[in-house]
Amino acid sequence: MSSKGKQKEKRKRLLFRWHKQDTELTILALPTTIWYILFCFLPMFGAIIAFKNFRISGGFLSNVFNSPWVGFKNFEFLFKSNDAWIIIRNTIGYNIIFIVLGIVLPVLFAIMIGLLHSRRASKVYQTMMFLPYFLSWVVVSAVGWAFLSFDKGIVNQMLVSMGSDPINWYMAPEYWPYFLIFLNIWKGLGYGMVIYLATITSLDSTYYEAAVIDGASIWQQTRFITLPMLKLVIVMMFILAVGRIFYTDFGLFYQVTRDSNSLFNVSTTIDVMVFKQLKSATVGMASAAAFVQSFLGCATILTANWIVRKIDPDSAMM
């Protein structure tokens, strides 16, 4: 065997040799792997429910195997329903607004906080903005009811004290798109801001020192140093957000609106519709809607990543 062949064989042996570090890393990754298998991969078996007339008569497996196949019949209601356009419009429309504002505002606030000289003030602002992220939508719904209740709400009491008529907020759909957008941004702003702020604080300070020496203003430093350095993180967050454009926060659209029928046209999304279908025991139809969500979400994130890779290969996720 030639020396070149021997070197190649040696490289192969080194490549497939199991080291102690490999064992440690495998044990470290084991809990996460088990979690993904149990809660992400095994549930994929339930996707066949979307193609069956699911009947509840015994155990789960017996129900799945004994329920008759119906093909794509469960998918018809999603596209032939009179409310299909409203549901899809709400889901995609709200998410487009959430994606745009969910990138612009966190980046803006992260840059502003990053420019603060006082570390104590920076931590206080971060804590105040991050705190809403940990609140449950049930809590937010209760606080919203305290403000918007027709007879005892704080807002209506203020309106009455100023000589105006009280407003039945949960029967007035024209106000709720603004409420829902505000609450979504208010709750998620701190989380997004922390991600961008962590990137900003990790940037090499010598870039800014050189810019100051050259006479660059704060705006010029932000435009030519901070934003270009944030581009990779912004693109990654954008791709991940686009991948969930067919999903909405169930708590926001169901709990906060208190499932008011008067707000159907502005608050019903695919997730809310799936939940209501499950309440009426049409499991196959609800599963079909969730299947469409997953398929379109996967297609969307792959398409977004493909477009990004064509424009800027270094910013793509894969």
Side-chain angles (χ1 to χ4, degrees), residues 77-78 81-102 104-106 109 125 127-193 244-282 285-286 289-290 293:
F77 90 101
L78 185 62
S81 170
N82 296 328
D83 303 321
W85 162 245
I86 294 173
I87 293 169
I88 294 172
R89 179 204 65 189
N90 288 344
T91 304
I92 297 177
Y94 279 118
N95 274 319
I96 290 174
I97 297 172
F98 293 163
I99 290 171
V100 174
L101 295 180
V104 174
L105 292 180
F109 278 91
Y125 294 143
T127 303
M128 291 172 61
M129 296 176 69
F130 201 35
L131 184 61
Y133 179 77
F134 297 101
L135 296 178
S136 165
W137 282 119
V138 177
V139 176
V140 176
S141 173
V143 175
W145 176 257
F147 276 89
L148 302 178
S149 173
F150 179 75
D151 51 349
K152 297 180 180 179
I154 297 173
V155 176
N156 277 344
Q157 290 181 8
M158 293 173 62
L159 291 174
V160 171
S161 66
M162 291 187 292
S164 301
D165 295 327
I167 299 173
N168 193 343
W169 298 100
Y170 291 92
M171 300 280 287
E174 62 271 19
Y175 300 107
W176 278 91
Y178 304 103
F179 291 161
L180 294 171
I181 292 170
F182 169 77
L183 288 173
N184 181 81
I185 298 302
W186 169 75
K187 196 170 187 295
L189 179 62
Y191 177 80
M193 182 205 65
R244 295 192 60 82
I245 198 169
F246 292 97
Y247 291 85
T248 51
D249 196 320
F250 174 77
L252 172 63
F253 289 93
Y254 185 83
Q255 294 284 356
V256 175
T257 60
R258 307 184 78 85
D259 193 26
S260 173
N261 290 328
S262 300
L263 305 179
F264 179 88
N265 288 344
V266 297
S267 66
T268 303
T269 61
I270 295 177
D271 295 272
V272 175
M273 184 267 296
V274 168
F275 177 74
K276 290 183 177 180
Q277 289 293 332
L278 285 171
K279 285 173 65 178
S280 60
T282 52
M285 293 182 181
Q293 273 185 297

Derivation of the side chain to side chain contact (heavy atoms under 4.5 Å, CB included) call for Asp83 and Thr268: CA-CA 9 Å; Asp83 303 321; Thr268 303; over 6 Å; no
Does the [X] side chain pair with the main chain of [Y], one donor and one acceptor, at a distance under 3.5 Å?
X: Thr91; Y: Ile270; answer: yes
X: Gln255; Y: Val138; answer: no
X: Asn95; Y: Tyr247; answer: yes
X: Ser260; Y: Tyr170; answer: yes

At their closest point, which heavy atom of [X] faces which heavy atom of [Y], and how far apart are they?
X: Ala286; Y: Val274; answer: CB-O, 3.7 Å
X: Ile185; Y: Leu105; answer: CG2-CD1, 3.5 Å
X: Gly192; Y: Pro106; answer: C-CB, 3.7 Å
X: Tyr254; Y: Lys276; answer: CE1-CE, 4.3 Å

Can you tell me how far apart [atom1] ([X]) and [atom2] ([Y]) are? Round to the nearest 0.5 Å.
X: Asn261; Y: Met171; atom1: CG; atom2: CE; value: 9.0 Å
X: Ile99; Y: Ile245; atom1: CD1; atom2: CD1; value: 4.5 Å
X: Ile87; Y: Asn265; atom1: CD1; atom2: CG; value: 10.0 Å
X: Asp249; Y: Arg244; atom1: CG; atom2: CZ; value: 9.0 Å
X: Phe179; Y: Thr257; atom1: CZ; atom2: OG1; value: 12.5 Å
X: Met129; Y: Phe109; atom1: CE; atom2: CZ; value: 5.0 Å

Could you go step by step and tell me if Leu263 and Arg258 meet the side chain to side chain contact (heavy atoms under 4.5 Å, CB included) rule? CA-CA 9 Å; Leu263 305 179; Arg258 307 184 78 85; over 6 Å; no
What side-chain donor-acceptor pairs closer than 3.5 Å can you find for residues 148-165, not counting sequence neighbours?
{"from": "Ser149", "atom 1": "OG", "to": "Asp151", "atom 2": "OD1", "distance (Å)": "3.0"}
{"from": "Asn156", "atom 1": "OD1", "to": "Ile167", "atom 2": "N", "distance (Å)": "3.0"}
{"from": "Asn156", "atom 1": "OD1", "to": "Trp169", "atom 2": "NE1", "distance (Å)": "3.3"}
{"from": "Asn156", "atom 1": "ND2", "to": "Ser149", "atom 2": "O", "distance (Å)": "3.2"}
{"from": "Asn156", "atom 1": "ND2", "to": "Phe150", "atom 2": "O", "distance (Å)": "3.0"}
{"from": "Asn156", "atom 1": "ND2", "to": "Ile167", "atom 2": "O", "distance (Å)": "2.9"}
{"from": "Gln157", "atom 1": "NE2", "to": "Lys152", "atom 2": "O", "distance (Å)": "3.2"}
{"from": "Ser161", "atom 1": "OG", "to": "Gln157", "atom 2": "O", "distance (Å)": "3.3"}
{"from": "Ser161", "atom 1": "OG", "to": "Met158", "atom 2": "O", "distance (Å)": "2.6"}

[X] side chain near [Y] side chain, heavy-atom distance below 4.5 Å:
X: Phe253; Y: Asn90; value: no
X: Leu183; Y: Val140; value: yes
X: Trp176; Y: Val256; value: yes

Not counting sequence neighbours, which residues clear side-chain hydrogen bond (donor to acceptor under 3.5 Å, both in side chains) with Tyr94? List them please.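 With neighbours one apart ignored, the set is empty.
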Mark yes when over 12 heavy atoms from residues, nucleotides or ligands other than Tyr125 sit less than 6.0 Å from its OH; otherwise mark no.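 Check fails, neighbour count at 12 or below.
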Give the ring-plane orientation class for Tyr191 versus Phe130, where under 30° counts as parallel, over 60° as perpendicular and anything between as tilted.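 Plane angle under 30°, so parallel.
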Run the numbers on Leu135 and Trp186 for side chain to side chain contact (heavy atoms under 4.5 Å, CB included), then give the verdict. CA-CA 11 Å; Leu135 296 178; Trp186 169 75; 3.8 Å; yes
